[in-house]
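Encoded as structure tokens, the structure appears first; notes follow it.
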Amino acid sequence: MDMLSHFFTSLLSTLRDVIPIAVILFGFQLFILRKKIPNLRQILFGFLLVLLGLAFFLEGLEQALFPLGKLMAEQLTAPDFLGVSEAGPGDWKNYLWVYLFAFAIGFSTTVAEPSLIAVAIKANQVSAGTIGTWGLRIAVAIGVAVGITLGVYRIITGTPLHWYIIVGYIFVIVQTVFCPKSIIALAYDSGGVTTSTVTVPLVAALGLGLANNIPGRNPLLDGFGLIAFASLFPIMSVMGYAQLSEWLAHRRKQTRLSGEGD
Amino acid sequence: MKKLLSHLGLSLLDSVRDLAPIIMVIAFFQLLVLQRPIPDLAGLLAGTFLVVLGLTLFVQGLKMGLFPIGETMAHDFATKGSLFWLLLFAFALGFGTTVAEPALIAVADEAANVAAQGGMITNSEQAMQEYADGLRLTVALSVGAAIVVGVLRIIKGWPVQYLIIIGYIGVVVMTFFAPPEIIGIAYDSGGVTTSTITVPLVTALGVGLASSIRGRSPLTDGFGLIAFASLTPMIFVMAYGIML
């Protein structure tokens, strides 16, 4: 019974997200475009599926994965586990598990991120299959994993966030110059889509746990910023993935050409 | 019917594969690193089943509902040829989907908290609420503006990287003037504003527009809207922090 009422709360909050969007879409369709929507019933059914799907998804996450994930983030950053004492932040080896957790949780939550799945499906369609859905998602997930790991390092060392981000920007700009033109827009987009429903709550728990427990860190100043890392690094990894596949295709062509020459 | 069922079965398998990494990570750390038993295994399994089911339904709904309507409307706007209504639609979509976004509400409340503790505003319930509401409106406006600029870019065929570089310069310049307490929140706000429903719609809109306009490639020109929508909030939140 309790579970049921909880599910309705999730359903209501998803409904609250969907309604403004539906009003804008159908309002413009009815009053401005004034055209009949083809397959209206199918589209409405699709909206219903999205609504139900998101509600189930969030409900399941909140029931099962978030409590355990957050608890683990707390346990891994607890002073006992890290060996943090009044004297100092302790041995760096104690933090190895935290880094591994940051990497693993960044990767695995990104693979399950629904908005990334959406963008990957679209990119695959539009590129006529040359951009594989899995290739893109793995590239983005590696980017997020590296980003969060570096973000955790920043919280542990207490270095200012903006220097990392500025260096990251310079890296992105340089990479843009050398990257295949067709992938640039998609790569920039993958920065924004990675961090939503699944990633944010777990990563925020990790960041706040670390900032709370390491001496000299202020949760308000140091607890934030992990999301920023997670939105910057996928841009680099997706461009890197495009450069790598272009280079591999080029090399294959070269070896084939030289093979024909013999 | 049989075809539909086998299709559904396959998508369920896809969702299981999507979620397998998280489950493995959690099991590994819980059992081997922290060496604790998994509390409430039945609840965990039931929750995981809900997540798998939800993801499957969501992806189906995406293909049946969100993608087609986004593309149809983009195409209709392009053939109607009225730039004004298209831009108004773009703004409404950006503003409307952001202003009620739960992640943004959470970030705005957090920012108000920081501002109150930093002494930027008086530490009262009312001042904090006003600050949070103002911030939310600012971010929603910035996302609306971002989608408008992004749509204009698709129509005109401007290369995405120049606009992004201008945005980066904006972020860096604002960083040096913004109060240090707001920087972390501002940087994070870029990532949280684009929700799970907004992303597929906005992507379909961009791709639909780029495929309807002659001379635009859906891949090169159609993407990029999300990138703008995650860049402008950073600038606007820092501007908000400077002004108050």
Side-chain angles (χ1 to χ4, degrees), chain A residues 17 20-21 24-25 28 32-33 35 42-43 45-47 49-50 52-54 56-57 59-61 63-64 68 72 75 97 101 104-105 108-109 111-112 114-115 117-119 122 126-127 161-162 166 169 173 176 182 184-186 188-189 191-193 195-197 200 220 224-225 227-228 231, chain B residues 18-19 21-22 25-26 29-30 33-34 44 47-48 50-51 53-55 57-62 64-66 68-69 76 85 89 92-93 96-97 100 114 160-161 164-165 168 172 175 183-185 187-188 190-192 194-197 199-200 203 207 218-220 223-224 226-227 229-230:
Chain A
D17 287 1
I21 298 171
I24 293 168
L25 288 178
F28 271 87
I32 312 297
L33 290 170
K35 262 178 108 174
Q42 184 210 314
I43 287 179
F45 187 61
F47 265 84
L49 286 185
V50 164
L52 278 177
L54 266 186
F56 278 130
F57 187 74
E59 179 63 25
L61 284 178
Q63 255 183 42
L68 198 54
M72 285 166 71
Q75 285 169 348
W97 286 121
F101 183 71
I105 210 80
S108 58
T109 53
V111 169
S115 37
I117 299 179
V119 168
K122 205 82 236 168
V126 160
S127 67
L161 170 66
H162 57 273
I166 291 173
Y169 281 172
I173 292 172
T176 304
S182 56
I184 293 176
L186 180 63
Y188 287 165
D189 266 4
V193 298
T195 43
S196 49
T197 349
V200 172
L220 288 179
F224 294 94
I227 311 289
S231 341
Chain B
D18 293 339
L19 286 159
I22 296 197
V25 168
I26 289 193
F29 274 88
Q30 186 76 2
V33 180
L34 295 164
L44 184 70
T48 310
L50 280 185
V51 176
L53 184 70
L55 194 59
L57 293 179
F58 175 79
V59 172
Q60 281 303 316
L62 208 67
M64 288 172 71
L66 291 184
I69 196 158
D76 288 350
W85 286 115
F89 175 67
L93 201 61
T97 55
V114 173
V160 65
Q161 58 269 34
I164 294 287
I165 290 173
Y168 282 174
V172 172
T175 302
I183 291 176
I185 292 168
Y187 281 14
D188 275 1
V192 297
T194 42
S195 80
T196 317
I197 302 166
V199 167
T203 307
V207 169
L219 184 60
T220 319
F223 288 94
I226 312 281
S230 33

Spacing of W97(A) atom CH2 and F29(B) atom CZ [to the nearest 0.5 Å]: 6.5 Å

Nearest-0.5 Å distance, OH of residue Y168(B) to CD1 of residue I173(A): 7.0 Å

Segment of K35(A) engaging chain B (4.5 angstrom heavy-atom cut-off): side chain

Exercise: identify the closest heavy-atom pair between L49(A) and G61(B): CB-CA, 3.7 Å

Region of T176(A) that comes under 4.5 Å of a non-hydrogen atom in chain B: side chain

Heavy-atom proximity to chain A below 4.5 Å, by part of L44(B): both

Over all atoms of both residues, closest heavy-atom pair of A118(A) and L62(B): CB-CD2, 3.4 Å

Most chain A-contacting option - heavy-atom pairs closer than 4.5 Å, from L57(B), D188(B), V199(B): D188(B)

For chain A, the option from P68(B), A92(B), G224(B), G184(B) that forms the most heavy-atom pairs under 4.5 Å: G224(B)

Pick from V207(B), I165(B), V59(B), L55(B) with the largest number of heavy-atom pairs that fall under 4.5 Å of chain A: L55(B)

From CZ (F47(A)) to CE (M64(B)), nearest 0.5 Å: 12.0 Å

Which atoms of I117(A) approach chain B - backbone, side chain, both or neither, heavy atom under 4.5 Å: side chain

Distance, nearest 0.5 Å, that separates CD1 of I21(A) from CG of L66(B): 8.0 Å

From I26(B) atom CD1 to I105(A) atom CD1, the distance as rounded to the nearest 0.5 Å: 5.0 Å

D76(B) side chain vs L33(A) backbone, donor-acceptor pair below 3.5 Å: no

Choice from A229(B), P218(B), A227(B) maximising heavy atom contacts with chain A below 4.5 Å: A227(B)

Heavy-atom closest contact (G192(A) atom, S230(B) atom, distance): CA-OG, 3.6 Å

Contact winner vs chain B - S231(A), G191(A), A104(A), heavy-atom pairs under 4.5 Å: A104(A)

Residue selection (most heavy-atom pairs with chain B, distance under 4.5 Å) from F101(A), F28(A), F45(A): F28(A)

Structural part of S108(A) lying under 4.5 Å from a heavy atom of chain B: both

Heavy-atom proximity to chain A below 4.5 Å, by part of T220(B): both

Which of L19(B), T97(B), T48(B) touches chain A most, by non-hydrogen pairs under 4.5 Å: T97(B)

Contact check, side chains of F89(B) and I32(A), non-hydrogen atoms, under 4.5 Å: no

Structural part of V51(B) lying under 4.5 Å from a heavy atom of chain A: both

Spatial distance of atom OG (S127(A)) from atom CZ (F223(B)) [nearest 0.5 Å]: 8.0 Å

Which portion of T196(B) sits near chain A, non-hydrogen atoms under 4.5 angstrom: both

Minimum side-chain heavy-atom gap Y188(A)-V160(B) below 4.5 Å: yes

Contacting region of P20(A) [heavy-atom separation from chain B under 4.5 Å]: side chain

Minimum-distance pair of heavy atoms, taken over all atoms of H162(A) and I183(B): ND1-CD1, 4.4 Å

Nearest heavy-atom neighbours spanning I22(B) and A112(A): CD1-CB, 4.1 Å

